[in-house]
Amino acid sequence: MDIAEIVLIMFTGLWLFIPAMLPNSAAAMVGGGTKIDLGRTWRGKRILGDGKTWRGLFGGGLAGVLIGLLMIGIASFWDPENYWGYGAFWSNVGILFCLSFGAIFGDLMGAFIKRRLGMERGQKAPVLDQYDFVFGAFLTTSIFFPNWVYSTFIEGWHIAALIFILALMFVIHRGVNIIGYRLGIKKEPW
Ligand code: CTP
Ligand code: MG
């Protein structure tokens with residue numbers, strides 16, 4: 001295994017993870033309207049809070065699936081059998097759904113935990129804010145496509161792809177949120 005092969009593994013992993021990276025930004029753009037928790041509380045605190053809406057859930061989730069389909073379309077010109085790593089088309093559109101809605105689900109879990117800790121909507125929660133969606137995406141995809149997750153992000157040198165994603169997400173999350181804040185899409189720069 002030489003360096004070039006490891007770098008290819010890392011960037012392939014990052015490419016395949018894009019459908020998990022987009023949903024929460026898309027949710028911030030399209031979100032609003034009916035709250036997922038319908039304003040309800042549990043033990044005196046909101047279940048999820050005003051920052052989590054149905055429109056954000058479905059809009060964000062579908063945005064991730066759509067970008068994934070576009071990526072598969074691009075990859076099909078060069079690699080019509082494996083689509084640069086998603087595998088055979090119909091069996092693996094499911095991966096797109098898992099990555100994308102799993103990322104949304106992770107963000108909801110993060111909000112649930114923040115509310116239990118008594119944190120207000122939009123309050124900064126280091127680590128949780130950066131990694132809740134990564135955890136949700138990997139957890140969901142691992143449940144339905146364990147072999148794919150193992151061979152793409154864990155087996156042998158493929159662990160480099162996972163480490164690369166974990167390291168990069170910290171930087172990208174911060175950068176994307178500052179941009180969203182400047183554009184007026186997000187209320188806080190985190
Ligand atoms: N959003 C939404 N639905 C979702 C996720 C996000 O409508 N499922 C929108 C909300 O307008 C939210 C914004 O995207 O305010 C930014 O998302 P995020 O930073 O995750 O929410 P916060 O407002 O910071 O709330 P929390 O403290 O619960 O993270
Ligand atoms: Mg937030």
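We count ligands from 1, going down the list as the structure has it; atoms in each ligand are counted the same way.
The closest protein non-hydrogen atom to atom 25 (O) of ligand 1 is G122 N, 3.4 Å. Protein heavy atom at the shortest distance from atom 14 (O) of ligand 1 is A28 CA, 3.1 Å.
The side chain of R115, and not its backbone, has at least one atom closer than 4.0 Å to an atom of ligand 1 (non-hydrogen atoms only; side chain from C-beta on). Residue contacts with ligand 1 for K186 involve side-chain atoms from C-beta outward but no N, CA, C or O (heavy atoms, distance under 4.0 Å). Using a 4.0 Å cut-off between heavy atoms, K114 contacts ligand 1 through its side chain alone, with no backbone atom that close. With a heavy-atom cut-off of 4.0 Å, D107 touches ligand 1 through its side chain alone. Contacts with ligand 1 closer than 4.0 Å are made by backbone heavy atoms (N, CA, C, O) of L57 only, the side chain lying farther away.
R55 does not count as a contact of ligand 1, since none of its heavy atoms falls under 4.0 Å from the ligand. Note on ligand 1: G49 sits outside its first shell, no heavy atom being nearer than 4.0 Å.
Side-chain atoms of N92 and Y83, non-hydrogen and from C-beta on, never get closer than 4.5 Å to each other.
Two rings, from F144 and F97, have their centers 6.0 Å or more apart. Taking the centre of each ring, F153 and F138 come in below the 6.0 Å mark.
Remark: ligand 1 and N24 share no N or O pair separated by less than 3.5 Å (distance only, no angle test). At least one N/O-N/O distance between G51 and ligand 1 falls below 3.5 Å.
When atom types are taken as modelled, the side chain of D2 and the backbone of A4 share a donor-acceptor pair closer than 3.5 angstrom.
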